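All residue numbers refer to positions in the sequence shown, counting from 1. No experiment lies behind these values; they were computed from the predicted model shown. Only heavy atoms go into these numbers, but all of them, side chains included; no hydrogens, no water, no symmetry mates.
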Amino acid sequence: MTQQRKVVVVGAASGIGAAAALRFHADGDYVLGVDQHSGPVSVGDFEKVDLRNRQEVDAFLARIGPGWDVLAHVAGVPGTHPATDVLAVNYLGFRWMAEGMLPLMRRGGSIVGVGSIAGLAWQQRAADIAGLLGADTVAEVAAWQAGQDPNYPVYSTSKEALLVFAKKLAAIAWNDHGVRVNTVSPGPVETPILRDFEQSMGKDVLDAARASVGRHATVADIAPVITFLSSSDASWVVGQDIQVDGGFANAMLTSMLAAV
C-alpha cells in the first residue's frame with residue numbers, strides 16, 4: 001500500500017495556492033494549508049502564520065514535526081504593499097520556511113517556490129541582490145532596501161532573490177537531504193490581486209502581456225505545474241525555474257534578439 005504523502009501549501013487561502021491545495025487533495029495527499037488569512041478552501045488542516053514573523057514561522061515548524069514530502073510555497077504580495085513587507089513575505093518568508101522544512105522532509109521530497117517572470121533578470125542582478133541574500137531578519141532586509149534605487153520595482157527584487165536563493169538551496173537540499181528544489185514563474189494570472197499588479201506594474205504593461213499571448217493565465221494553468229514538480233514524474237528535475245506564462249517571456253526575448 002502506497003503511503004499517503006504529506007504536503008504543506010503556504011498561501012493556501014486563495015489564488016494559485018488554493019488551486020494547488022485542491023489538486024494535492026484530489027490526488028489523495030494530506031494537505032496542511034498555511035496562510036495569514038483563512039479562506040473558503042478547506043481540504044485538510046489549516047495553520048495561520050504571518051511570514052513576516054520569524055517566531056511564528058519557527059513555532060509552526062516546531063509544531064508540525066517531521067515526515068513531510070512536499071512544501072509548495074505560493075504565498076506572495078504585490079508591489080502595492082510596503083517594500084519591507086514585499087521582501088519579507090515574498091523572499092524571506094520562503095527562505096525561512098524552506099530552510100526550516102528541509103530537516104523535516106523525507107528523502108525524495110520536493111520544495112516548489114513560486115517566483116514570477118518579473119524576476120527573470122536575476123542573472124543580471126545577482127551581484128546587486130547579494131546583500132539581500134545575506135540578510136536574515138526583517139530589520140536587515142529593511143536596511144538593505146533603504147540603500148536601493150527606489151525606482152526599481154521591489155516586487156521584481158523579491159522574486160529575483162527567491163529565484164537565486166532557490167537555486168543555491170537546490171544543490172544543498174539534493175546532496176544532503178535528497179529533496180528537490182525548483183521554482184515556477186508565472187506571468188500575469190487572473191487572481192484577486194491582479195488589480196494590485198496593474199497598479200504597481202502598470203495596466204498598459206499587463207494589457208500588452210495579455211495581447212501578446214491572447215489572455216492572462218488562470219490558476220488552473222499554474223497549479224498543475226506545481227503538482228508536477230512535486231511528483232515522482234519530476235524526480236530528475238532539480239534547481240530549475242519553469243516559466244508558465246503562455247510564451248510571454250520568450251516573445252520578449254525573441255523580439256530583442258530580432259532587433260540585434
For [X] versus [Y], what's the shortest heavy-atom pair and its separation?
X    : Y    : answer
F24  : A72  : CE1-CB, 4.0 Å
V181 : A173 : CG2-CB, 3.7 Å
D128 : W144 : O-CZ2, 3.4 Å
R106 : Q4   : NH2-O, 3.8 Å
G33  : A12  : CA-CB, 3.7 Å
R23  : A223 : CD-CB, 3.7 Å

Expected output: side-chain [X] to main-chain [Y] donor-acceptor under 3.5 Å:
X    : Y    : value
S156 : A118 : yes
D221 : T218 : yes
R95  : L133 : yes
D35  : A13  : yes
N90  : V77  : yes
D29  : V31  : no

task = Dump the intermediate steps for side-chain contact (heavy atoms from CB on, under 4.5 Å) on E99 and F165, then the final yes or no.
result = CA-CA 11 Å; E99 289 179 334; F165 170 75; 3.7 Å; yes
Does a side-chain heavy-atom distance below 4.5 Å link [X] with [Y]?
X    : Y    : answer
L102 : L169 : yes
Y91  : V86  : no
I242 : N182 : no
S38  : K48  : no
V70  : V112 : no

> For the residue pair Y30 and W68, does the interplanar ring angle fall in the parallel (under 30°), tilted (30 to 60°) or perpendicular (over 60°) class?
Replying inline: tilted
**OP:** Would you please test I64 and K6 for side-chain contact (heavy atoms from CB on, under 4.5 Å) and show each step?
**Re:** CA-CA 11 Å; I64 66 173; K6 295 172 62 180; over 6 Å; no
From [X] atom [atom1] to [Y] atom [atom2], the distance as rounded to the nearest 0.5 Å:
X    : Y    : atom1 : atom2 : value
E140 : L87  : CD    : CG    : 13.0 Å
R52  : T84  : CZ    : OG1   : 10.5 Å
I117 : K159 : CD1   : NZ    : 12.0 Å
L32  : L71  : CG    : CG    : 10.5 Å
L104 : H177 : CG    : NE2   : 10.0 Å
R107 : D69  : CZ    : CG    : 13.5 Å

Practice task
Would you check if there is a donor-acceptor pair between the side chains of R125 and T157 at a distance under 3.5 Å?
Solution key: yes
Check: So F94 and I111, side-chain contact (heavy atoms from CB on, under 4.5 Å) or not? Walk me through it.
Finding: CA-CA 10 Å; F94 170 68; I111 294 174; 4.2 Å; yes
### Message
As a quick check of understanding, evaluate side-chain contact (heavy atoms from CB on, under 4.5 Å) for T137 and R54, giving each step before the final call.
### Response
CA-CA 8 Å; T137 67; R54 180 64 181 268; over 6 Å; no
Per side chain to side chain contact (heavy atoms under 4.5 Å, CB included), V10 is matched among Q36, E47, M97, M101 by M97
Expected list for residues 228-241: side-chain donor-acceptor pairs under 3.5 angstrom, two or more places apart:
{"from": "S230", "atom 1": "OG", "to": "I226", "atom 2": "O", "distance (Å)": "2.8"}
{"from": "S231", "atom 1": "OG", "to": "F228", "atom 2": "O", "distance (Å)": "2.7"}
{"from": "S231", "atom 1": "OG", "to": "D233", "atom 2": "N", "distance (Å)": "3.2"}
{"from": "S235", "atom 1": "OG", "to": "S232", "atom 2": "O", "distance (Å)": "3.3"}
{"from": "Q240", "atom 1": "NE2", "to": "V238", "atom 2": "O", "distance (Å)": "3.2"}
{"from": "D241", "atom 1": "OD1", "to": "T183", "atom 2": "OG1", "distance (Å)": "2.7"}
{"from": "D241", "atom 1": "OD1", "to": "S185", "atom 2": "OG", "distance (Å)": "2.8"}
{"from": "D241", "atom 1": "OD2", "to": "S185", "atom 2": "OG", "distance (Å)": "3.1"}

